[in-house]
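Notes follow the structure.
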Protein chains: 2
Amino acid sequence: MAHAVLRTLTRHNSHRGCLDILEEEEGFGCDSRRVEAGRIMTQRLFEEVYNSIRRDLMRGKLKPGDKLPSERDLAEQLGVGRPVVREALRALENSGMLELRKGVSGGAFIRQGDGRAVSRTVNDLVFLGKLSLDQLTEARSYLLDQAVRLACARGTDADFAALDANVERMRVAIEAQAVEASISEIMDFYALLGTAAKNDVLTVIIGSLSEIIAQILLALRPEHLTDLVAMRREVLDKIRQRDADAASAAMAAHMAVLHAYVVQKSGNLHMLDLEPFDSHA
Amino acid sequence: MAHAVLRTLTRHNSHRGCLDILEEEEGFGCDSRRVEAGRIMTQRLFEEVYNSIRRDLMRGKLKPGDKLPSERDLAEQLGVGRPVVREALRALENSGMLELRKGVSGGAFIRQGDGRAVSRTVNDLVFLGKLSLDQLTEARSYLLDQAVRLACARGTDADFAALDANVERMRVAIEAQAVEASISEIMDFYALLGTAAKNDVLTVIIGSLSEIIAQILLALRPEHLTDLVAMRREVLDKIRQRDADAASAAMAAHMAVLHAYVVQKSGNLHMLDLEPFDSHA
DNA sequence: CAATATCGATTGGTAATACCATTTGGAAGG
DNA sequence: CCTTCCAAATGGTATTACCAATCGATATTG
């Protein structure tokens with residue numbers, strides 16, 4: 001009983017196999033052609049599978065950690081070919097909703113989505129030239145300003161301690177000339193700021209924009225990151241005092257320096273070589 | 001003839017310049033089996049194709065409107081199977097970078113990415129429960145506040161005229177009881193606001209968040225939208241006077257009403273049935 | 001007996017192939 | 001010249017086969 005894990009997964013027969021992942025919604029292209037001329041046929045088969053699983057996810061029928069049947073089983077149950085199932089699963093994986101694992105007791109597992117898919121998409125827009133770096137940094141400044149103010153209002157001591165620790169790690173990494181580690185900590189700072197602000201939406205968006213800055217920094221291999229430590233300590237200090245205006249000003253100063261550096265140094269983004277498709281590692 | 005490709009049997013990082021679309025640089029020597037215990041075999045074949053095309057896009061080698069070779073040609077040029085090429089193209093389409101068209105003179109065309117992919121991803125996060133509606137509306141309020149202030153500072157008469165026209169269309173649609181049209185205009189308002197603010201990043205983000213609100217509104221089929229017209233006229237009026245604080249306050253009041261309605265009425269999102277996968281129509 | 005090594009079954013990953021559906025352009029016919 | 005229709009090209013789907021990776025169970029060995 002390999003996948004008893006998955007709930008019900010009812011299949012009703014083999015021929016009309018129109019079936020669904022969990023209940024009967026009138027099935028897919030059982031007979032391959034959309035019934036008569038009703039529909040526009042623009043819907044591709046794998047999209048129906050995609051939407052079906054996605055719908056079940058949204059309705060809570062599938063929870064993070066659950067495992068879907070194997071591709072072969074799904075294909076048989078749905079009455080479609082395995083490539084169709086594959087493409088649907090791939091699209092879902094691409095959206096960060098599924099994780100595909102090989103091997104026995106592998107399969108498609110429901111993920112609890114995080115912001116990485118958003119990051120990648122925003123990333124695409126920037127590097128495809130649809131969004132300019134100027135506007136990105138500007139928007140990022142506004143968002144961080146808001147996050148700082150919220151952190152002043154809502155941050156807890158635990159949040160501040162986490163930020164302290166992060167700044168300290170950053171200092172060590174910078175002193176050790178560990179560029180990758182430094183930038184990693186730099187990014188964590190923003191995430192922790194979002195946490196202190198108690199707004200995950202803000203956190204995700206800030207994370208998406210910051211990741212782009214991080215990639216650029218990584219490609220630039222900057223030397224003088226030391227002043228960042230002082231700046232952040234000042235911001236953190238103001239936040240701890242719950243002085244929103246002062247904290248905002250300090251953060252703005254910080255952003256002015258950082259963004260000016262990034263925008264100036266990375267004249268043309270085409271020079272940068274990045275590694276996309278993080279595979280949700 | 002499939003495996004006739006040369007094999008640089010790379011050690012782990014030589015798969016850099018492996019390929020160049022359209023420039024006959026055959027095969028990913030990148031053997032799928034990363035040598036020995038080196039671990040981390042994470043990179044799947046189609047991801048290399050994906051990244052390769054993506055890189056060419058970012059470097060400007062491929063411009064919007066360009067057409068890639070057919071799947072069959074690509075498969076042959078790259079020395080991989082057609083399914084691999086397919087999955088890569090699919091992923092790119094999913095990211096909004098490609099458009100696949102059937103028929104002769106069809107193929108894979110480079111798209112100029114827009115914010116829809118971002119919207120869908122954010123959408124997923126919300127409806128999968130990772131992001132709460134409360135936080136979404138809060139973040140949206142902040143962003144719109146910023147947009148309003150920027151519009152006060154940078155908006156042109158043309159921008160304001162467009163906003164005027166939008167409000168008027170919205171009024172007509174609401175009076176005609178055309179719910180879909182009303183909501184469509186409601187959303188356009190935010191996009192136009194972003195345009196007036198002269199920051200595309202802000203526009204994309206606001207659009208993503210607003211689209212979720214729009215979907216909820218669509219599912220709720222609200223009745224009394226009439227007060228929206230008055231509220232927006234007020235906001236617009238303040239913006240035109242370049243009075244940022246007043247415009248911000250008016251917008252905040254507007255958001256308070258709208259968001260309270262949405263949050264209250266849509267107790268559990270699971271009731272809502274939405275249509276995902278817009279297929280970038 | 002316990003720790004280790006090996007094998008095999010399951011599952012995703014890739015490949016090759018065939019055929020269908022759709023679209024478009026050009027040829028044939030009016 | 002216009003219309004109609006067919007055929008080639010292309011994406012979409014299905015089928016099949018095999019490879020690769022993983023993990024559990026069994027066998028082996030200390």
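All values reported here derive from a predicted model rather than from experimental measurement. All chains are named by letter (A, B, ...) in the order of the sequence lines, taking the proteins before the strands, and each is independently numbered beginning at 1.
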Exercise for review: May I ask you to decide whether A:Arg221 forms a salt bridge with A:Glu180, counting only side-chain N to carboxylate O separations under 4.0 Å?
Suggested key: yes
Check your understanding: Could A:Glu87 and B:Arg86 be called an ion pair, given the rule that one side-chain N must be under 4.0 Å from one carboxylate O?
Key -> yes
**Study point:** Whichever of A:Gly106 and A:Pro83 has its nearest DNA chain C nucleotide further upstream toward 5'
**Key:** A:Gly106
If I take atom [atom1] in residue [X] and atom [atom2] in nucleotide [N], what distance separates them, rounded to the nearest angstrom?
X        : N      : atom1 : atom2 : value
B:Glu76  : C:dT14 : CD    : P     : 20 Å
B:Leu45  : C:dG12 : CG    : P     : 18 Å
A:Glu87  : D:dT13 : CD    : P     : 6 Å
A:Leu98  : C:dT11 : CG    : P     : 16 Å
A:Glu71  : D:dT16 : CD    : P     : 17 Å
A:Lys67  : C:dT10 : NZ    : C1'   : 9 Å
A:Lys102 : C:dG12 : NZ    : P     : 11 Å
B:Glu99  : D:dG12 : CD    : P     : 11 Å

Review point. Any side-chain N or O of B:Arg86 less than 4.0 Å from the OP1 or OP2 oxygen of D:dG12?
Key: yes
Review point. Should A:Arg90 be listed as having a side-chain N or O under 4.0 Å from OP1 or OP2 of C:dG13?
Key: yes
Check your understanding: Contact class for A:Gly81 (heavy atom, under 4.0 Å): base, sugar-phosphate, or nothing?
Key -> sugar-phosphate
Review point. Looking across every strand, which nucleic acid part, if any, lies under 4.0 Å from A:Arg101 by heavy atom: base, sugar-phosphate, or nothing?
Key: sugar-phosphate
Nucleotide nearest [X] (side chain, heavy atoms from C-beta), chosen from [options]:
X        : options                : answer
A:Leu100 : C:dG12, D:dC23, D:dT10 : C:dG12
A:Phe46  : D:dT13, C:dG13, C:dT14 : D:dT13
B:Arg44  : D:dG11, C:dA15, C:dG13 : C:dG13
A:Arg82  : C:dG13, C:dA9, D:dG12  : C:dG13
B:Val104 : D:dA9, D:dT13, C:dT14  : D:dA9

Review point. If you round to the nearest 0.5 Å, how far is CD of B:Glu211 from CG of B:Leu218?
Key: 11.0 Å
Point to revise | Contacts of type side chain to side chain donor-acceptor pair (under 3.5 Å), residue A:Glu99, not counting sequence neighbours | key: A:Arg101
**Study point:** Backbone of B:Glu47 reached by a side-chain donor or acceptor of B:Asn51 within 3.5 Å
**Key:** yes
